[in-house]
2 protein chains.
Amino acid sequence: MAPSTRPAGNRRERPAKPALTRAGIVDTALRVMAAEGLDRVTMRRLAQELDTGAASLYVYVRNTAELHAAMLEELLGQIDLSPVTADGDWQDRLVQILTSYTAILFGHPGLAQSALVTRPNGPAYFGLVDGVLALLAAGGIPGGRAAWAVDLLLHLATSAAAEQGTREHAIDTQDEDEALLAALRDAPAGRFPHLAAIGAGELMSGGGAERLSWGFHVLINGVIQTPRPEPEATS
Amino acid sequence: MAPSTRPAGNRRERPAKPALTRAGIVDTALRVMAAEGLDRVTMRRLAQELDTGAASLYVYVRNTAELHAAMLEELLGQIDLSPVTADGDWQDRLVQILTSYTAILFGHPGLAQSALVTRPNGPAYFGLVDGVLALLAAGGIPGGRAAWAVDLLLHLATSAAAEQGTREHAIDTQDEDEALLAALRDAPAGRFPHLAAIGAGELMSGGGAERLSWGFHVLINGVIQTPRPEPEATS
DNA sequence: ACCTGAACACCGTTCAAGT
DNA sequence: ACCTGAACACCGTTCAAGT
């Protein structure tokens with residue numbers, strides 16, 4: 001309203017130093033992550049990128065964990081929730097949105113790791129939870145049971161991504177796998193008879209995607225079959 | 001065999017500085033963790049405790065992640081595997097050993113967190129896996145399916161502990177819960193109808209133990225019902 | 001209210017040099 | 001082979017002081 005009192009020349013020229021905002025910080029964090037990985041997303045590095053001091057960021061985010069949660073919340077906006085209202089089998093549609101969620105996390109495994117420990121709680125996450133609940137309701141799962149089931153389903157997706165992510169950015173993944181395989185083979189069959197019977201190969205078999213999809217179906221089938229311990233509220 | 005060439009006076013007197021060994025490092029790490037939490041178990045702090053320099057530890061452990069894995073492996077020795085060979089329903093016995101595993105992790109939540117990302121691979125862990133496989137075999141689960149199921153079951157236990165652990169050592173757990181509850185209540189019912197229908201209370205209801213036990217049963221029931229995608233190897 | 005520089009109190013890991 | 005001190009390259013967070 002009143003004419004700007006700032007120094008001349010800032011009318012519409014490129015603002016060399018954009019105002020600090022929470023959204024700006026989160027976007028910068030996502031950009032740095034995309035370019036160099038989550039490890040490099042530190043308060044100090046972000047501050048440098050934003051041409052300020054690390055201390056300034058604490059006006060907008062409480063700490064690093066909250067920053068990570070905000071980054072994930074931002075990405076969660078990309079989830080395709082259209083299967084919620086589409087036609088077709090509810091189980092298939094449920095797996096579709098879980099897969100959409102998983103795809104985002106697989107693209108940003110560091111965030112998946114932090115999501116295991118700090119649950120996101122913004123509107124995008126709520127939208128996902130609401131979508132899963134909608135499909136469980138469509139499948140006739142009582143509300144109380146569904147409330148618990150959401151957690152199980154999202155958790156499986158999150159931890160699969162976190163795990164796969166750790167593996168991929170570790171340089172010595174193959175070494176570790178070989179070590180584990182070797183350890184499994186060396187495990188005395190007398191002491192670990194069932195392990196020996198099944199064999200190391202079988203234990204580690206299957207692509208991540210195949211296993212995850214199987215896991216989703218295990219959970220869905222299990223949820224259908226398993227009432228909550230307490231007398232369930234009727235929807 | 002040959003008489004010691006070390007300085008006199010070390011025959012059987014208290015060794016002020018015990019020899020560095022991997023086992024000694026791991027034990028010290030466990031002691032520090034018990035006293036002050038996993039955060040304080042740093043290479044530098046451990047070195048100080050062992051009266052040496054941090055660099056010396058790298059002769060025995062590759063890095064911090066490996067140290068954590070070794071600590072967990074040590075604790076896993078305490079798991080009660082007796083239900084594996086006991087009488088009774090295989091599902092009950094399976095839940096018993098999973099609960100025994102969980103109890104250890106709940107006592108050391110920081111380690112649970114690191115186990116989500118770096119799988120343990122020592123004999124104690126193999127013993128646990130073998131026990132779970134034994135009970136799944138007792139339940140008639142085909143070997144190939146059982147191999148995948150172990151992962152799911154142990155993962156659920158691990159992540160429940162990791163999560164609960166984070167909460168407990170966070171000072172602002174209650175603040176966070178209140179914030180989440182408030183956010184859930186504020187979530188517009190029009191936008192998140194199913195969330196609103198179920199209610200925040202329901203979504204977060206249930207003690208950890210109750211929910212975890214339900215989760216185990218969901219998985220077991222699901223595993224019973226859900227064949228692996230490929231034609232399964234016959235036992 | 002917002003922003004800053006500087007400080008506090010640390011980290012993991014590597015490496016050349018010693019024994 | 002094992003052990004060490006010192007160095008490299010960083011961290012998150014707080015706080016008094018400025019605007």
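Letters A, B, ... are given to chains in the order of the sequence lines, protein chains preceding strands, and every chain is numbered from 1. Basis for what follows: all heavy atoms, side chains included, without hydrogens, waters or symmetry-related copies.
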| request: Would you sketch DNA chain D in dot-bracket for me? Only Watson-Crick or G-U wobble pairs with both distances under 3.5 Å count, crossing pairs as [ ], other-strand pairs as |, the rest as dots. | output: ||.|||||...|||||.||

| request: Using side-chain contact (heavy atoms from CB on, under 4.5 Å) as the criterion, list what pairs up with B/P83, not counting sequence neighbours. | output: B/D80, B/R93, B/Q96, B/I97

| task | Let me know the distance between CD1 of A/I25 and P of D/dG12, rounded to the nearest Å. | result | 14 Å

| said: Please classify the nucleic acid contact of A/T42 as base, sugar-phosphate, or nothing, using heavy-atom distances under 4.0 Å. | reply: sugar-phosphate

| request: Starting from P on C/dC10, measure out to CD on B/E36 and report it in whole angstrom. | output: 11 Å

| task | Please identify each residue that fulfils side-chain contact (heavy atoms from CB on, under 4.5 Å) with B/R45, with sequence neighbours left out. | result | B/V32, B/E36, B/R40, B/T42, B/Q48, B/E49

| query | Expressed in angstrom and rounded to an integer, what is the separation of B/D39 atom CG from D/dC11 atom C1'? | reply | 14 Å

| query | Rounded to whole angstroms, how far apart are CG on B/L57 and P on C/dG12? | reply | 10 Å

| field | Any pair counted as salt bridge (charged side-chain N to carboxylate O under 4.0 Å, His left out), so long as it reaches residues 95-123 of chain A, sequence neighbours left out | value | A/R119-A/D151, A/R119-B/E163

| query | Do the side chain of A/E73 and the main chain of A/Y125 share a donor and acceptor less than 3.5 angstrom apart? | reply | yes

| request: Could you list the residues that satisfy side-chain contact (heavy atoms from CB on, under 4.5 Å) with A/A47, not counting sequence neighbours? | output: A/T52, A/A54, A/L57

| request: Measure from CZ on B/R40 to P on C/dA9 and round the result to the nearest Å. | output: 12 Å

| Between C1' of C/dC3 and CG of A/D51, the distance in whole Å | 12 Å

| said: Show the nearest heavy-atom pair for residues A/L153 and A/F216, with the distance to one decimal. | reply: O-CE2, 3.9 Å

| said: Holding to side-chain hydrogen bond (donor to acceptor under 3.5 Å, both in side chains), I want the full list of residues that pass it with A/T158, two or more places apart in sequence or in another chain. | reply: A/Y101

| query | Base, backbone or nothing for each nucleotide of nucleotides 13-19 of chain C, written B, S, -, heavy atoms under 4.0 angstrom, 5' to 3'? | reply | BBB----

| message | For the P atoms, the ones on C/dA9 and on D/dA9, what distance do you get once it is rounded to whole angstrom? | response | 25 Å

| query | Is any side-chain nitrogen or oxygen of A/Y60 closer than 4.0 Å to OP1 or OP2 of C/dC2? | reply | no

| message | Suppose we screen for side-chain contact (heavy atoms from CB on, under 4.5 Å). Which residues come up paired with B/A34, at least two apart in sequence or across chains? | response | none

| field | Same-atom distance (C1') from D/dC10 to D/dA6, integer angstrom | value | 16 Å

| request: Please identify each residue that fulfils salt bridge (Lys or Arg N to Asp or Glu O under 4.0 Å) with A/D130, with sequence neighbours left out. | output: none

